[in-house]
Protein chains: 2
Amino acid sequence: MRSSAKPPSAKLPAKPRRRTARAPAAKPYHHGDLRRVLIDAALQLVGEGGPDAVSVREAARRAGVSPGAPFRHFPSRDALMNAVAEEAQRRFRAEIEAALAEAPASTPANKPLGRFRCLGLAYLRWAMRNPTHFEIISSRRFFDHDEAAGVSQDNAELIDLTERTLAEAFAQGQLRSADLKQVQIAGRALVYGFARMNIDGHFPRWGVAGADAERTAEAILDLFIEGIAKVPGKSA
Amino acid sequence: MRSSAKPPSAKLPAKPRRRTARAPAAKPYHHGDLRRVLIDAALQLVGEGGPDAVSVREAARRAGVSPGAPFRHFPSRDALMNAVAEEAQRRFRAEIEAALAEAPASTPANKPLGRFRCLGLAYLRWAMRNPTHFEIISSRRFFDHDEAAGVSQDNAELIDLTERTLAEAFAQGQLRSADLKQVQIAGRALVYGFARMNIDGHFPRWGVAGADAERTAEAILDLFIEGIAKVPGKSA
DNA sequence: TGTGAATGTAAGCAACGATTACACGGGTTG
DNA sequence: CAACCCGTGTAATCGTTGCTTACATTCACA
């Protein structure tokens with residue numbers, strides 16, 4: 001991976017120059033906030049080549065630090081990936097909630113389940129535009145499964161939000177089925193499936209971050225909503 | 001991985017015993033059909049620990065062969081994984097087509113889209129019962145993307161089958177929407193999403209190969225079909 | 001001002017994918 | 001029957017990886 005091309009002789013010859021001089025950034029022994037930088041580097045690596053492209057050594061390399069340094073902050077590669085996935089999940093949730101905050105609580109009459117639709121749309125948009133980041137948050141293997149409850153609070157919050165939105169729609173008599181659990185799982189499966197099909201390479205025709213993907217995503221989301229909505233749509 | 005515990009001295013001391021004697025399986029220099037055995041071993045490794053658990057060396061170890069031997073048959077690990085994925089895909093397709101062959105072409109009147117349902121059900125069942133194998137056929141990265149057309153004939157065949165089945169249902173006036181492409185993608189996304197959520201650990205409550213998974217899968221498939229079917233169901 | 005804990009480096013381990021040189025032996029030829 | 005060729009296996013090796021241990025440095029607090 002990336003032969004780094006640095007002649008080992010050019011290693012700044014270790015002259016013990018007084019650190020208190022006016023060059024404050026002259027390779028201080030202690031990195032400012034290595035943990036943060038490592039997560040960022042790993043996040044970038046994920047963005048470039050997916051989860052498998054993340055190596056502890058490469059992250060250390062990009063942080064300008066020795067190969068063993070990361071292990072002071074993360075006991076294992078998995079722990080690093082865990083932190084990376086948590087960060088991605090945080091951003092994912094933040095964007096979805098922001099999109100939902102913009103949409104008014106009042107659902108337009110001719111667009112039933114408006115908030116649910118908005119939720120799904122924000123989900124799909126983020127997944128389409130950040131495929132590799134979505135990949136690491138979708139595979140739950142990157143999250144800690146040791147904690148009894150834990151396992152990504154952000155994700156549980158998102159699922160809760162979906163359930164509440166759906167229950168809301170049902171309370172307003174917009175749903176055909178009363179089995180909310182099933183509708184919710186079906187909805188999640190649809191959206192999740194589309195997002196994963198995209199990152200798994202099932203839509204080879206679409207270029208990277210193609211607008212086709214987002215339009216199709218919107219279309220099938222509407223198809224699904226139409227299918228679960230109470231009033232049968234009178235037109236296609 | 002698996003320290004193998006074999007003292008290197010016990011290596012059968014290379015006495016050139018005449019091979020034509022009555023011990024035909026006395027470690028012949030040439031393995032019978034190594035390629036086949038390697039694929040099987042890798043398939044087994046996938047079954048045990050997912051795609052990441054496959055290493056060329058371990059496959060070689062299980063085949064009782066030196067670490068370099070596999071590279072006579074596969075130019076790289078990716079090539080081996082490719083062959084493994086193709087094999088899994090073949091089995092997947094075979095089972096689905098068998099299930100479909102058992103189902104009669106005549107769809108029961110009160111079960112519209114019967115063949116489509118049968119198709120989806122067979123898909124989901126195989127995915128639930130062979131999660132790790134489904135994983136390697138779902139990630140298209142294990143397939144050759146060099147070939148212009150290729151890319152797993154079995155998969156293309158399966159997609160064709162889905163399209164034909166759906167077109168058939170439409171021709172019989174069973175579909176609400178005329179946009180078959182959308183319905184097909186939505187259906188694939190739903191089923192694919194459910195299968196992937198299962199293998200990605202989104203349903204932690206279900207034990208391995210739990211029957212819950214299959215029942216829920218059936219339920220959401222029916223929910224979807226009800227949503228796209230022309231005649232609205234009169235009860236939940 | 002000193003000292004311990006936090007945080008970095010250096011060196012090294014085993015396992016991995018992959019390459020190279022070499023050894024074996026079955027099948028086709030003369 | 002004999003000679004050879006080439007497909008297939010072995011052995012040794014390289015560079016990279018995750019991870020550990022021993023040591024060095026520096027920050028924060030007493």
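Just so it is clear: chains get the letters A, B, ... in the order the sequence lines come, proteins before strands, and each one is counted from 1.
- A straight line from CG of D78(A) to C1' of dC19(D) spans 12 Å, rounded to a whole angstrom.
- Remark: of the listed residues N82(A), N130(A), V54(A), V84(A), V84(A) is the sole one forming a side chain to side chain contact (heavy atoms under 4.5 Å, CB included) with I136(A).
- Residue F71(B) has its side chain nearest to dA18(C) when only dA18(C), dC19(D), dC16(C) are considered.
- For the pair L38(A) CG and dG18(D) P, the interatomic distance rounds to 12 Å; values are reported in whole Å.
- When rounded to the nearest whole Å, the span between CG of D52(A) and P of dG17(C) equals 13 Å.
- Between the CZ atom of R35(A) and the C1' atom of dA6(C) there is a distance of 15 Å, given to the nearest Å.
- Closest to the V65(B) side chain, of the nucleotides dT10(D), dC19(D), dA18(C), is dT10(D).
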Output side-chain donor-acceptor pairs under 3.5 Å for residues 183-193 of chain B, partner residues at least two apart or in another chain, one line each.
unit_1: Y192(B); atom_1: OH; unit_2: D200(A); atom_2: OD2; d: 2.5
unit_1: Y192(B); atom_1: OH; unit_2: S138(B); atom_2: O; d: 3.2

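- With respect to E58(A) and R61(A), a salt bridge is recorded, a charged nitrogen being found less than 4.0 Å from a carboxylate O.
- Where D33(A) and P67(B) meet DNA chain C, the nucleotide closest to each residue was compared, and D33(A) sits on the side nearer the 5' end.
- Annotation: side chain of R164(B) is in contact with side chain of D160(B) (closest heavy-atom distance under 4.5 Å).
- Evaluation of atom-type donor-acceptor distances gives a pair under 3.5 Å for the side chain of R57(A) against the base of dG18(D).
- The CE atom of M81(B) sits 17 Å away from the C1' atom of dA18(C) (whole-angstrom rounding).
- Neither OP1 nor OP2 of dC24(C) sits under 4.0 Å from any side-chain N or O of R72(B).
- Rounded to an integer number of Å, the gap from F74(B) CZ to dT8(D) C1' is 14 Å.
- By the salt bridge (charged side-chain N to carboxylate O under 4.0 Å, His left out) test, R93(A) pairs with E97(A), D154(A), sequence neighbours left out.
- Regarding contacts with the backbone of dA11(D), every side-chain N or O of S66(B) stays at 4.0 angstrom or more from both OP1 and OP2.
- Side-chain nitrogen and oxygen atoms of H73(B) include at least one within less than 4.0 Å of the OP1 or OP2 phosphate oxygen of dG9(D).
- Atom-to-atom, CZ of R61(A) to C1' of dT17(D) comes out at 9 Å; the value is rounded to the nearest Å.
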